[in-house]
Protein chains: 2
Amino acid sequence: MVSDALEQDEPAAVGAPGRRRRNSLNREVIVRTAMEAFRGHDLGTLTFQALGRHLSAHPTAIYRHFRDKDDLLLAMLDALHGEALEEMGPRREDWAEELRNLAASTYAVFRRYPAIAHHMATRTTRREHEFALVDRMIWALRRSGLPDLEVGRHFRAFADLVIGYAALDASLDALQPQERAGDLNAWDVDYRRFPEERHPDLAAVGPHLAGVGDPRNFGLAVDLHIEAVRARAAAGPAS
Amino acid sequence: MVSDALEQDEPAAVGAPGRRRRNSLNREVIVRTAMEAFRGHDLGTLTFQALGRHLSAHPTAIYRHFRDKDDLLLAMLDALHGEALEEMGPRREDWAEELRNLAASTYAVFRRYPAIAHHMATRTTRREHEFALVDRMIWALRRSGLPDLEVGRHFRAFADLVIGYAALDASLDALQPQERAGDLNAWDVDYRRFPEERHPDLAAVGPHLAGVGDPRNFGLAVDLHIEAVRARAAAGPAS
DNA sequence: ACCTGAACACCGTTCAAGT
DNA sequence: ACCTGAACACCGTTCAAGT
């Protein structure tokens with residue numbers, strides 16, 4: 001049993017001492033290990049030294065397979081896109097449902113890998129997974145009834161809204177625990193019972209403030225966007 | 001003239017050699033110098049060593065006035081909020097115009113200080129400038145006609161949409177020039193003339209794709225959000 | 001009390017040396 | 001060809017030393 005486990009696939013070797021077998025390192029193994037190792041972790045932990053430890057290899061061995069850290073992070077972003085596509089499943093026939101599907105999957109993978117989300121959200125990989133995601137979003141927007149000229153603008157607005165909002169919530173997860181706790185406490189406590197005299201509107205609404213980082217907030221923003229797209233598409237080319 | 005310039009206010013002393021006068025360093029001077037020095041600059045440049053050079057002081061002298069880098073960055077975020085409030089001017093009487101005003105000012109200051117935007121967008125300062133911004137946004141949302149319970153949810157959705165989208169565009173400005181150029185080129189060239197066979201919808205809309213980082217994309221997202229808020233508010237408490 | 005200088009642990013990256 | 005080890009420049013941060 002034990003020797004069996006050692007034979008199959010790549011040994012996880014997380015934190016294990018000893019050296020890596022020759023030729024057992026390649027881009028795919030490194031990316032897969034990195035995704036597993038840094039899932040849910042903040043920014044400071046994603047270093048070559050830590051990754052080397054997870055690979056049971058010397059930190060600089062990674063440079064044989066990736067030009068630099070940016071090259072590795074782009075490969076990880078591509079893996080993230082792949083995960084999003086997988087979770088998305090087949091194309092929904094209703095365009096609005098498909099847009100919600102795209103948004104929800106992107107949001108989920110961003111929060112799963114906050115370190116990648118925070119410093120790669122703005123990047124472009126130019127790889128197949130990204131092309132597929134862009135194509136699906138454009139398909140959905142065309143189905144709404146908007147003319148292609150408008151779809152060209154709406155793609156950017158919807159994609160950036162989703163990516164930007166998801167990255168913002170993810171970067172909250174990427175905070176150091178004490179900073180995260182302090183910021184959350186501010187919204188959960190301080191802002192909820194605000195003294196009336198200084199800012200009357202804030203004081204009135206304070207008790208009803210939605211929790212920061214609650215996925216339903218993102219859902220509301222996406223729903224509002226889709227409602228407005230539907231209204232504009234229905235209004236026809238005059239809009 | 002020359003001696004006159006040396007007398008008035010704080011000497012800029014950017015990159016100048018020599019030492020700082022005793023007691024000439026304090027939180028306000030440091031924050032003001034940091035905001036001027038790193039305006040428009042990327043993430044890598046915002047270091048204690050660089051700031052020390054701009055202050056003509058030893059890098060570690062800053063630790064007498066700020067607990068750590070996070071403490072300094074929170075003070076800079078507060079200064080950014082102050083700038084946004086200033087540019088916003090007086091409250092607009094039309095609630096939709098006021099929301100656009102809030103969004104545009106936030107977007108402008110985020111792109112002006114991309115380094116602060118990128119790693120402080122998700123943070124909470126708990127200071128007066130932030131309270132004032134929150135209060136103004138809640139005021140505008142209440143004026144839309146939404147009940148306070150809904151305003152509590154809509155505040156979070158609108159604020160995060162604005163902050164997230166603005167931070168995303170700002171983080172593009174915070175990229176290294178070569179990475180930035182590569183990513184922009186992908187959208188301006190590759191995506192615009194995509195081969196038809198693989199992704200037909202992308203290929204059809206490619207030529208009409210809006211430029212990445214164009215402020216009008218953010219404007220479209222904000223407009224759509226406001227249109228949907230207006231529709232929901234008009235539909236009444238049933239929605 | 002306020003600033004400087006030396007030191008520490010850590011980071012990404014380069015390059016010569018091993019096998 | 002692939003991995004290791006030593007080295008470099010740089011980072012945030014601490015702390016003793018100067019004035």
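Note: hydrogens, waters and symmetry copies are ignored here, and every other heavy atom, side chains too, is used. To find a chain, count down the sequence lines: A is the first, B the second, and so on, and within it residues start at 1.
Distances from the side chain of A/Asn23 to the nucleotides C/dG5, D/dT13, D/dC2 place D/dC2 closest. Looking at the side chain of A/Ala61, the nearest of the listed nucleotides C/dC3, C/dG12, D/dT4 is D/dT4. Out of C/dT13, D/dC2, D/dT13, the shortest distance to the side chain of A/Phe48 is found at C/dT13. Here the nucleotide nearest the side chain of A/Leu25, chosen from D/dC3, C/dT13, D/dT13, is D/dC3.
Rounded to whole angstrom, the span from the OH atom of A/Tyr63 across to the C1' atom of D/dA6 amounts to 15 Å. Atom pair A/Asp71:CG and C/dT13:P shows a separation of 10 Å (rounding to whole Å applied). Nucleotide D/dC3 holds its C1' atom 16 Å from the CZ atom of A/Phe66, rounded to whole Å. Atom CG in A/Leu55 sits about 16 Å away from atom P in D/dC2, given to the nearest Å. Between the CG atom of A/Leu43 and the C1' atom of D/dC11 there is a distance of 16 Å, given to the nearest Å. Summarising the geometry, the separation between CZ on A/Arg64 and P on C/dA16 is reported as 12 Å, rounded to the nearest angstrom. Distance B/Ile62 CD1 to D/dC11 P: 12 Å, rounded to the nearest Å. Atom CZ of A/Arg53 is separated from atom P of D/dC3 by 19 Å (rounded to the nearest Å).
The one candidate from A/Asp169, A/Asp188, A/Asp173 that meets the salt bridge (charged side-chain N to carboxylate O under 4.0 Å, His left out) condition with A/Arg180 is A/Asp173.
The local environment of CD in B/Glu197 is crowded, with over 12 non-hydrogen atoms from other residues, nucleotides or ligands closer than 6.0 Å.
The six-membered or imidazole ring of A/His118 lies near that of B/His118, with a centre-to-centre distance under 6.0 Å.
The pair A/Arg27-A/Asp71 meets the salt-bridge criterion, since a charged nitrogen lies less than 4.0 angstrom from a carboxylate oxygen.
Where A/Asp68 and B/Pro59 each meet DNA chain C at their nearest nucleotide, the meeting point lying more 5' is that of B/Pro59. Between A/His58 and B/Asp70, the one whose closest nucleotide on DNA chain D sits nearer the 5' end is A/His58.
Partner assigned to D/dT4 is C/dA16, using Watson-Crick or G-U wobble distances below 3.5 angstrom. Across all strands shown, C/dA9 has no partner, as no Watson-Crick or G-U wobble contact with both distances under 3.5 Å is found.
Residue side chain B/Thr60 reaches the base of C/dG5 through a donor-acceptor N/O pair under 3.5 Å, judged by distance alone.
Proximity of A/Gln49 to the phosphate of C/dG12: no side-chain N or O atom is located under 4.0 Å from OP1 or OP2. Look at A/His65 and you'll find a side-chain N or O under 4.0 angstrom from OP1 or OP2 of D/dC3.
Judged purely by distance below 3.5 Å, without hydrogens or angles, the side chains of A/Glu128 and B/His199 pair a donor atom with an acceptor atom.
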